[in-house]
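Structure first, commentary second.
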Amino acid sequence: TPKIAVFASGSGSNFQAIYDAMKAGDLTGSIALVVTDKPNAFVVERASIAGIETLAIKPANYPSKEAYEHVILQKLSELQVEWIILAGYMRLIGDVLLEAYPNRIINIHPSLLPSFPGKDAIGQAMAHGVKVTGVTVHYVDAGMDTGPILAQAAVTVVDGDREKTEARIHEVEHELYTKTLNQLFSL
Ligand code: GAR
């Protein structure tokens with residue numbers, strides 16, 4: 001069963017959903033490492049409670065993205081990580097990791113891509129006044145939320161209510177991510 005690393009920059013609710021699904025036996029595989037660029041992010045606390053090793057390093061402390069990613073890659077190699085799963089990791093993946101993990105890096109994004117890539121996709125969708133938005137799981141390439149799409153699910157916007165819309169999107173994310181990863185890992 002595959003060994004994965006989860007990359008996150010924020011709350012880590014998607015990390016939690018993946019971890020819980022694996023623990024419950026609903027998702028094959030195990031999480032060997034959490035990687036974060038934000039040492040104060042709540043995901044660090046979640047990982048610690050789950051007993052999962054965390055690599056928390058700030059890109060600003062390295063001379064280049066390449067140098068930063070080399071440190072990550074070293075750790076991933078040590079732990080024999082096979083898949084990189086992005087879960088709210090808010091930076092572009094560079095050539096070092098893309099070349100080391102071809103077709104083995106997956107992302108989730110809170111919109112129906114190619115609509116509303118980048119930051120605050122939910123805010124962008126609300127501001128645009130769309131009635132339906134959703135969630136996309138896709139392979140990662142060098143672009144911002146680009147790369148071949150694996151799965152999508154639609155979410156109806158709750159009129160003018162960002163909080164309710166966001167809560168529903170997160171629920172759908174947790175379901176869609178575990179389901180899609182299970183299919184991918186079972187191939
Ligand atoms: C999720 O909604 C995820 O789709 C989004 O960040 C949130 C992280 O939440 N990712 C992106 O916007 C990537 N461009 P979480 O920390 O609770 O999992």
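Sequential numbering from 1 along the given sequence is applied to the chain's residues. Counting starts at 1 for both ligands and their atoms, in listed order.
Ring centers of Phe116 and His109: at least 6.0 Å apart, outside the cut-off.
Interface of Asp145 with ligand 1, defined as ligand atoms under 4.0 Å from a residue heavy atom, comprises 13 (C), 14 (N). Each of the atoms 4 (O), 11 (C), 12 (O), 13 (C), 14 (N) of ligand 1 lies under 4.0 Å from some heavy atom of His109.
The N/O atoms of Gly12, backbone and side chain alike, include one that comes under 3.5 Å of an N/O atom in ligand 1. Backbone and side-chain nitrogen or oxygen atoms of Asn107 are examined, and none is located within less than 3.5 angstrom of a nitrogen or oxygen of ligand 1.
Contact analysis leaves Lys119 out of contact with ligand 1, as no non-hydrogen atom separation drops below 4.0 angstrom.
Counting heavy-atom neighbours within 6.0 Å of Lys3 NZ, excluding the residue itself, gives a total above 12.
Of all the heavy atoms of Met90, the ones lying under 4.0 Å from any atom of ligand 1 belong exclusively to the side chain. Residue-level proximity to ligand 1 for Met144 is absent, since no heavy atom of it falls below 4.0 angstrom.
Between Glu166 and Glu163 the shortest side-chain heavy-atom distance does not fall below 4.5 Å.
With no hydrogens or angles considered, a side-chain donor-acceptor pair links Ser11 and Arg46 at under 3.5 Å. Under 3.5 Å, the side chains of Asp145 and Asn107 contain a donor-acceptor pair of N or O atoms.
Protein heavy atom nearest atom 4 (O) of ligand 1, with residue, atom name and distance: Glu173 OE2, 2.3 Å. Nearest non-hydrogen protein atom to atom 17 (O) of ligand 1 is Ser13 OG, 2.6 Å.
For the residue pair Lys58 and Pro39, the shortest heavy atom distance occurs at CG-CD, 3.8 Å. Of all the heavy atoms in Tyr101 and Leu73, the pair that sits closest is CE1-CD1, 3.8 Å.
Summarising the contacts of atom 12 (O) of ligand 1 with Gly88, Ala121, Ser111, Pro110, the nearest heavy atom is found in Pro110.
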